[in-house]
Amino acid sequence: MRTVALILGLVAIIICAMSIYSTIALDTRSRKKEVAIRKVHGALSGDIYRLFGRIYVVLIILSLLIAIPGAFLFNIIMNEILPDSVKGTLTPTVPCIFGSLVVVILIALIVSWHIRKVMKVECEDLIAKE
């Protein structure tokens, strides 16, 4: 049972990483011209990171505010269903912390990678094309 749970967990993390990657790639690609204009007007890389970072920090906080209480509610339901010998052995604290950290680190790595990619674009060429 533990092996099946581990495999399903890994598949869920891979799917999560792929969806985060595609969402952030679409967002940075669609805002490439905006970043180029900001860079031409003197924006530093920190300004660009804050531009994208605010959105993802708010999304992370909102999603954790929904996911963590949901995990604890699921734990309460499972403790009512399971036999007395297993009750109390299930605790969602460690999985919630670990899962949240994995997702936050994934998002931070993917966002920083895409922003670096956008920052390397030649502003003059991009603006001249439009």
Side-chain angles (χ1 to χ4, degrees):
M1 190 69 143
R2 186 176 292 187
T3 305
V4 171
L6 181 63
I7 291 170
L8 290 176
L10 288 174
V11 168
I13 289 173
I14 291 170
I15 291 171
C16 180
M18 288 174 23
S19 65
I20 291 169
Y21 180 87
S22 66
T23 302
I24 294 172
L26 181 66
D27 187 31
T28 54
R29 194 177 325 129
S30 66
R31 297 175 74 180
K32 197 179 283 190
K33 185 176 179 183
E34 176 187 356
V35 170
I37 292 172
R38 287 179 186 265
K39 280 178 60 179
V40 166
H41 289 291
L44 302 172
S45 59
D47 298 328
I48 306 299
Y49 279 108
R50 273 192 297 280
L51 174 72
F52 285 98
R54 269 191 221 125
I55 296 167
Y56 295 111
V57 167
V58 169
L59 288 175
I60 289 170
I61 290 170
L62 288 176
S63 64
L64 289 178
L65 286 175
I66 294 169
I68 291 175
F72 280 95
L73 181 64
F74 179 74
N75 185 49
I76 291 169
I77 292 170
M78 289 305 289
N79 274 332
E80 290 176 4
I81 294 173
L82 293 173
D84 290 334
S85 63
V86 183
K87 282 185 181 180
T89 59
L90 297 176
T91 174
T93 307
V94 173
C96 281
I97 292 171
F98 180 71
S100 300
L101 283 176
V102 167
V103 170
V104 168
I105 290 170
L106 273 173
I107 291 171
L109 289 174
I110 293 170
V111 166
S112 63
W113 187 67
H114 278 289
I115 291 174
R116 282 187 192 156
K117 208 162 88 172
V118 167
M119 293 289 286
K120 290 181 182 178
V121 172
E122 294 296 327
C123 301
E124 297 80 19
D125 295 338
L126 184 65
I127 295 172
K129 285 181 185 177
E130 302 279 331

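Note that OG of Ser22 is 9.5 Å distant from CZ of Arg29, once rounded to the nearest 0.5 Å. Between the CG atom of Asp47 and the CZ atom of Arg38 there is a distance of 8.5 Å, given to the nearest 0.5 Å. Remark: Leu64 CG to Leu59 CG distance equals 11.0 Å, nearest 0.5 Å. Note that CD of Glu34 and CG of Leu51 are 5.0 Å apart. Values are rounded to the nearest 0.5 Å. Rounded to the nearest 0.5 Å, atoms CZ (Arg50) and OG (Ser45) are 9.0 Å apart.
Through direct or relayed side-chain contacts under 4.5 Å between Ile, Leu, Val, Met, Phe, Trp and Tyr, Val94 connects to no other residue. Through direct or relayed side-chain contacts under 4.5 Å between Ile, Leu, Val, Met, Phe, Trp and Tyr, Val57 connects to Ile61, Leu65. Under a 4.5 Å side-chain heavy-atom criterion applied to ILVMFWY residues, the cluster that includes Met18 comprises Ile14 as well. In the hydrophobic clustering, where aliphatic and aromatic side chains (Ile, Leu, Val, Met, Phe, Trp, Tyr) are joined below 4.5 Å either directly or transitively, Leu101 groups with Ile97.
Residues Phe72 and Cys96 approach most closely at CE1-SG, 4.5 Å, considering heavy atoms. Taking every heavy atom of both residues into account, Pro69 and Ile66 meet most closely at CD-O, 3.7 Å. Nearest heavy atom pair, residue Ile24 against residue Ile107, reads CD1-O, 4.3 Å.
Around the CZ atom of Phe98, the shell of radius 6.0 Å holds no more than 12 heavy atoms that belong to other residues, nucleotides or ligands.
Under the 4.5 Å side-chain heavy-atom criterion for ILVMFWY residues, a single connected hydrophobic cluster contains both Val111 and Ile55. Under the 4.5 Å side-chain heavy-atom criterion for grouping Ile, Leu, Val, Met, Phe, Trp and Tyr, Ile37 is not connected to Met119 through any hydrophobic cluster. In this structure, Leu26 is not a member of the same hydrophobic cluster as Ile60, with clusters built from ILVMFWY side-chain heavy atoms closer than 4.5 Å. Grouping the Ile, Leu, Val, Met, Phe, Trp and Tyr side chains by contacts below 4.5 angstrom, directly or via other members, places Ile110 apart from Ile15. Hydrophobic clustering, with ILVMFWY side chains joined whenever heavy atoms are under 4.5 angstrom apart, groups Ile20 together with Phe52.
Every residue meeting the ring pair (Phe, Tyr, Trp, His ring centres under 6.0 Å) condition with Tyr21, not counting sequence neighbours, appears here in chain and number order: Trp113, His114.
Listed by first then second residue, pairs satisfying side-chain hydrogen bond (donor to acceptor under 3.5 Å, both in side chains) with a partner in residues 55-67 read Asp27-Tyr56, not counting sequence neighbours.
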Mind running side chain to side chain contact (heavy atoms under 4.5 Å, CB included) on Ile48 and Val118 for me, showing each step along the way?
CA-CA 10 Å; Ile48 306 299; Val118 167; 5.7 Å; no
